[in-house]
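Every heavy atom of this structure was used, including side-chain atoms; hydrogens, water molecules and symmetry mates were not.
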Amino acid sequence: MAKELVFGHQSPDTDAICAAIEYAYLQEKLGYDVEAVALGEPNEETKFVLNQFNQKAPRVIKEAKPEVDSVMLVDHNEPQQSVSDIDKLNVTHVVDHHRIANFNTEKPLFYRAEPVGCVSTVLFEMFNEKSVEIPQKIAGLMLSAIISDTLLLKSPTTTDVDKNAVKELAKIANVDYEDYGIKMLKAGTNVDARSDEDLIDGDAKSFTMGGKSIRIDQINTVDLNDVLKRKDNLKKAMKSEAESEGYDLFLVIATNVLDSNSELIVVGEPKDAVEKAFNSKLSEEDTIALPGVVSRKKQVVPPLTDILD
């Protein structure tokens, strides 16, 4: 059996990196020759998680084809979010929890997607279905990923399946998930130590909506002012990247992980589509307050897609 690489999306978050490690572990137990890799360096939150559970970070790749012919994807399916040479590879497996868009393969594949808050929740189910024991370290990674993606179960993407997984994984990992979760989320919110370019790319994903190239980034913080005080420089960085990468519209969602409110920074066109999507007018500084909005997947992408499509 030829070796395959397992990876999450570009600009990886905690779920993308942890899920790759988790799925590679499961697939090895099922007889596959696989290696978990990443499409970018871990962010501060993910570094905290990996250190907490004594897990080495996966090596970072830019291309996969020089090494393998086939790959397995976690936490994404859209090609613009994947490895740069995805069009030259055979995708054999996908485990995801997002929309399916612009995705096709030449050969049949294994595809598992569920509308839950985190792909690690799906992997938790798959371990149990295959009767593969979840080691303490893997349980810690799964738990961390779910906490990250659901903002400690506060996101509207959270389901009862996620909640049950968190309780079970916390027992295996032997941690108080609420106390640990707050510490983990705070570890990823030190925006003062990050450059403008890192902030606008740290958790960014690209989408195609209505023929437009849309870039949406999310910055987690414990104080929105820490981000908004830098909005002029952030907008300059967003404009520069949009011009170099061909994005029509670049959105940055600054989210307070403690009170579940966000502020949206907008660069590019069509701005009127953004106003219609959120039923609100942009300020003179091209921002919109989004109270109660914390989920890009459920609260930002769908209304924007509805307008643009």
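In this structure, the separation between CE on Met238 and CG on Asp286 is 9.0 Å, given to the nearest 0.5 Å. The distance from the OG atom of Ser144 to the CG atom of Asp15 is 10.5 Å, given to the nearest 0.5 Å. For the atom pair CG of Leu123 and CZ of Arg112, the computed distance is 9.0 Å after rounding to the nearest 0.5 Å.
Remark: side-chain polar atoms of Ser295 are paired, donor with acceptor, to backbone N or O of Lys298 under 3.5 angstrom. With hydrogens and angles disregarded, a donor-acceptor distance shorter than 3.5 Å links the side chain of Asp162 to the backbone of Thr159. Side chain of Lys130 to main chain of Leu30: no donor-acceptor pair is present (N/O by atom type, distance under 3.5 Å, no hydrogens or angles). Of the possible donor and acceptor atoms, none in the side chain of Asp248 sits under 3.5 Å from a partner among the backbone N and O of Lys212. Without hydrogens or angle criteria, Gln299 side chain to Gly292 main chain gives a donor-acceptor distance under 3.5 Å. Formation of a donor-acceptor pair under 3.5 Å by the Thr255 side chain with backbone atoms of Val257 is not found in this model. Judged purely by atom type and a 3.5 angstrom limit, Lys235 uses its side chain to pair as donor or acceptor with the backbone of Glu285. Checked by atom type and distance alone, the side chain of Asp196 never pairs as donor or acceptor with a backbone atom of Ala237 at under 3.5 Å.
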Next item on the list: Take Glu35 and Lys3 through the test salt bridge (charged side-chain N to carboxylate O under 4.0 Å, His left out) and record every step on the way to the result.
Entry: CA-CA 8 Å; Glu35 179 191 357; Lys3 179 180 178 179; 2.7 Å; yes
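Applying the ring pair (Phe, Tyr, Trp, His ring centres under 6.0 Å) test to pairs two or more places apart or on separate chains, those with a residue in residues 212-266 are Tyr247-Phe250. Among pairs with a residue in residues 82-96, none fulfils salt bridge (Lys or Arg N to Asp or Glu O under 4.0 Å), at least two apart in sequence or across chains.
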Cut-off 3.5 Å, no hydrogens considered: what does the side-chain donor-acceptor table look like for residues 267-278, sequence neighbours left out?
| residue | atom | partner | partner atom | Å |
| --- | --- | --- | --- | --- |
| Glu269 | OE1 | Lys271 | N | 2.8 |
| Lys271 | NZ | Gly268 | O | 3.0 |
| Glu275 | OE2 | Leu282 | N | 3.0 |

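Counting only N and O atoms by type, the side chains of Ser82 and Gln10 include no donor and acceptor under 3.5 Å apart.
Residue Thr14 forms a side chain to side chain donor-acceptor pair (under 3.5 Å) with just one option from Thr46, Asp149, Asp203, and that option is Thr46. Here the rule is side chain to side chain contact (heavy atoms under 4.5 Å, CB included) with Leu169, and of Ile138, Ile147, Ile146, Thr121 only Ile146 fits it.
In this structure, Phe7 is a member of the same hydrophobic cluster as Leu109, with clusters built from ILVMFWY side-chain heavy atoms closer than 4.5 Å.
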